[in-house]
A.B. asks: 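Quick one: the structure is below, and I'll ask about it shortly.
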There are 2 protein chains.
Amino acid sequence: MQTGTAPSTQLVRRVNASAMLKAMRGAGIVTGTELMAATGLSRATVISICDELVRLGWLQELENQRGAGDYVKGRPARRFIFDDSAASVIGIDIGANKITAIVADMAGRPLSQVTRPFRAYNVPAKERADVLDSIAAEALEKAGVSADSVLAVSVGVAAPVSRGGEVLRAQEFWKSFDVRKIVSERHGWHVLLENDANLAALAERWQGSAQGVDNLVVMLAGDRLGSGILESGRLLHGQVGGFGELGYLDNVDGVGDTYGIAHYATLWGREALDSGADTKLRGLCGGDPEALTAEMVFRAAKEGDPAGRKVMDRMAHRMARVIGSISTLVNPELVVIAGAVADSARTLIPAMEKHVPDFTFTPPRLATSALGDGIVSLGAIRHALDYVEENALDLNPASLSKQIAAG
Amino acid sequence: MQTGTAPSTQLVRRVNASAMLKAMRGAGIVTGTELMAATGLSRATVISICDELVRLGWLQELENQRGAGDYVKGRPARRFIFDDSAASVIGIDIGANKITAIVADMAGRPLSQVTRPFRAYNVPAKERADVLDSIAAEALEKAGVSADSVLAVSVGVAAPVSRGGEVLRAQEFWKSFDVRKIVSERHGWHVLLENDANLAALAERWQGSAQGVDNLVVMLAGDRLGSGILESGRLLHGQVGGFGELGYLDNVDGVGDTYGIAHYATLWGREALDSGADTKLRGLCGGDPEALTAEMVFRAAKEGDPAGRKVMDRMAHRMARVIGSISTLVNPELVVIAGAVADSARTLIPAMEKHVPDFTFTPPRLATSALGDGIVSLGAIRHALDYVEENALDLNPASLSKQIAAG
DNA sequence: TCTCTAAATTTAGTGCATAAATTTAGATGA
DNA sequence: TCATCTAAATTTATGCACTAAATTTAGAGA
């Protein structure tokens, strides 16, 4: 009589294996006893899963069992270490002006980062795939990592992406389904797609100021406003990926459109110049309003320039309305402002905290992201790692070397 | 050596048992073979779970195996039937003006419905519990069902309720945590709390026009606007239950507040009267603007009265803005207008369908609820049934009779 | 060398499932 | 009447994943 096992039974093993990997990631060297405490499983189970994870290439067992002399009595514990370099993932951010790729190891440590500006819109699918290919190849080379070691690639795009990873309403130039297929077929990589603001939310919860926060809004607030929303720790997508779209702001009093902080800083700064006011901005941009950047306006405000400060004041009012409206409907614990302007926007926080309660009965905590420009590609790394960890028994370093051996 | 089984292993049985119950609910008489097809489980498993469910009082096995002559060959199948009357649940809607209770059997069939108007606000917790008790008792008596057969009670309130079932920001008069505890202790019932609009969303997906819809917004649109949101089939709550709050509409152009359809129908109808226009409304309300109701305005519009039609036109524009804004952010497949005015609001649909695309790039389908005034208590029934089905192995008819025998 | 100890291993048993062989209840027809 | 047919139930043999308790083991120290 042959075998036959319920898929539901095998699922238990998958769940426990994922839990073990998650417990080990970032924990350094661990013993069976520690894992028992972390997972609630029995020693027999923990050890058997460890043995399997070693076989699959996820873990390495250390030879020198007695470690840094932290304990001495009894039989020495077997010591396992998560093998950070067993495989790698790639996170890619396809922004409006540039494309960024990060190669990271299994601990999520970035090994290399490559950024390349865009040349044109509306290039054919194959060329788009080529761009993605070449930047990925460059990042891999820079990281000193083989393309065969890549277990998953996550790509962030500035367009709605459905829960299933499909871009159904291809805004601007990026119609990604083809690309996904092409890249996947070329390298055998698993390619995931996700909205850029959603990835920023994952990044912020992973390494930013939203650690442990389950109800979170992250606003990408550079030139345009976009938002990624986590509810009970889950990303929201809606029917075709539009959850978090902010177009309704067009009709909100005192907001009127979805332009972001950088856009309005520049616009209002130029208005101040045009008004003929006496302001430091004139010096900063060399007298040419077209040369004025958001950065200059922030700097002027910081240095006490009245025109700059007035811009900041208007900005805080405007953003308070934006955050107030979304917080009413979504009721997050925390709203994080992210993107290229996040760092400069930190000075806006006190004023925003003051005004947001005028627009919602459930004011959230406010923060700015410290993750900088790479937040989306970092979120893509987390997204890819999540996928790999969930599928660790099917998608693993050992399966890679088998492929290599077979190919 | 004694036993010891992983909780994760037992979980498989629970999941399969729930799946079996869900497959049987509403299916009438079923055989093992049919259940194999419905659940994907093997015959041995299906039969063993059936035997267990019979033991727990969920199912009954029929004696006369050969049914209505639909087939004849082979060994007669054992035939099981879900015992609708094995236990019951109560769904309660605590509205602004009245409280409604429905007692239903395990098939979700309402056995009785009782409505009672409110007398006062701000009654002490014990009295509130007494009101709930007495209306529940009345509904049980009317249904001819014993209080001992109740497996769960779900209560809908017009206030934010967190995922854990706690009312953290007790709007108006209902601070329900006490009540939950009191009722639970008096009868040993499991008492669940949920927001009324969320329950309406469950009802609409269960028996309304949203069957099979996973991304859904249901708007309670009577005197005040409220919304319940399902994303990927899950109710959204946010940090303290505020997800779906519409207070941001205060600042949306052409909306300005959260008053509902009934409110504005009455208000605008009175404006028409005050303007001295020649309108049927004057006859309908007997010349007294204070006596004018939303219902009269709808009727006048239906009969072609110009003033009434003008109100409908304004209403469609206003609601298009409301639905457009929420649809932009939430991206539902379908928006259902529910509550007491739903039936009258059906005539608004074509105009709203025309205008909604002006306010969102992702216009949803629109519908009005046919579930009438009882939509919240019906949703509470579904909520309670969901809870019972998820916990069918722990919370079951046999455990009830055991309690009775022990007590 | 003996003892102690904490951890690993081994052994026994449970729960939940599958799959294949066998039995069974009834219908049918020689 | 009784063998035959059939679809379903049962029985039997396994597999997998886990727990729990008994036993062994690797090193430290008296």
A.B. asks: For the residue pair A:Ser48 and A:Arg13, confirm or rule out a side-chain donor-acceptor distance under 3.5 Å.
C.D. replies: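 There is such a pair (donor and acceptor under 3.5 Å, judged by atom type) between the side chains of A:Ser48 and A:Arg13.
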A.B. asks: Using a 4.0 Å heavy-atom cut-off across all strands, classify A:Thr33 as base, sugar-phosphate, or nothing.
C.D. replies: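 A:Thr33: backbone/sugar contact only, no base atoms under 4.0 Å.
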A.B. asks: Just how far, in rounded Å, is P of C:dT9 from CE of A:Met36?
C.D. replies: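 One finds 13 Å between P of C:dT9 and CE of A:Met36, rounded.
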A.B. asks: Under 3.5 Å, side chain of A:Asp105 to main-chain N/O of A:Gly108, donor-acceptor pair present?
C.D. replies: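 Pair found, side chain donor or acceptor close to backbone of A:Gly108.
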A.B. asks: Could you state the atom-to-atom distance from CG of B:Leu41 to P of C:dA19 in whole Å?
C.D. replies: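 These atoms are roughly 11 Å apart.
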A.B. asks: Using a cut-off of strictly less than 4.0 Å, decide whether B:Arg78 has a side-chain nitrogen or oxygen near OP1 or OP2 of C:dA25.
C.D. replies: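 So the side chain of B:Arg78 is outside the cut-off, no N or O lying under 4.0 Å from OP1 or OP2 of C:dA25.
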A.B. asks: Counting heavy atoms from C-beta on, name the nucleotide in D:dA20, C:dA7, D:dA17 closest to the side chain of A:Ala77.
C.D. replies: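 The answer is C:dA7.
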A.B. asks: Could you tell me the separation between the CG atom of A:Asp51 and the P atom of C:dT10, rounded to a whole number of Å?
C.D. replies: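 Value for this atom pair: 11 Å.
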A.B. asks: Rounded to whole angstroms, how far apart are CD1 on A:Ile47 and P on C:dT9?
C.D. replies: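 A:Ile47 atom CD1 is separated from C:dT9 atom P by 6 Å.
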A.B. asks: I want to check something: taking the side chain as every heavy atom from C-beta on, are B:Leu385 and B:Met106 in contact at a cut-off of under 4.5 Å?
C.D. replies: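 Yes, side chains in contact.
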A.B. asks: Closest to the A:Pro76 side chain: D:dA17, D:dT19, D:dA26?
C.D. replies: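 Comparing D:dA17, D:dT19, D:dA26 against the side chain of A:Pro76, the answer is D:dA26.
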A.B. asks: Send over the distance from A:Arg43 CZ to C:dT11 P, rounded to a whole Å.
C.D. replies: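 Rounded to the whole Å, the gap is 18 Å.
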A.B. asks: Provide, to the nearest angstrom, the distance between the CG atom belonging to A:Leu11 and the P atom belonging to D:dG15.
C.D. replies: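 Value for this atom pair: 22 Å.
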A.B. asks: To the nearest angstrom, how far is A:Ile49 atom CD1 from C:dA8 atom C1'?
C.D. replies: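 Going from CD1 in A:Ile49 over to C1' in C:dA8 covers 16 Å.
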A.B. asks: Return no unless some side-chain N or O of A:Asn16 is found under 4.0 Å from OP1 or OP2 of D:dA17.
C.D. replies: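 Negative; the distance criterion is not met.
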A.B. asks: OP1 or OP2 of D:dT19 sitting under 4.0 Å from any side-chain N/O of A:Thr45?
C.D. replies: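 Indeed, a polar side-chain atom of A:Thr45 lies that close.
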A.B. asks: Rounding to a whole Å, what distance do you find between B:Arg79:CZ and C:dA25:P?
C.D. replies: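 In whole Å, C:dA25 P and B:Arg79 CZ are 17 Å from each other.
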A.B. asks: Any side-chain heavy atom of A:Gln207 within less than 4.5 Å of one from A:Arg382?
C.D. replies: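 Side chain of A:Gln207 against side chain of A:Arg382, heavy atoms only: no contact under 4.5 Å found.
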A.B. asks: Between the main-chain N or O of A:Glu166 and the side-chain N or O of A:Ser162, is there a donor-acceptor pair closer than 3.5 Å?
C.D. replies: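 Indeed, once roles are kept as given, a pair shorter than 3.5 Å links the two residues.
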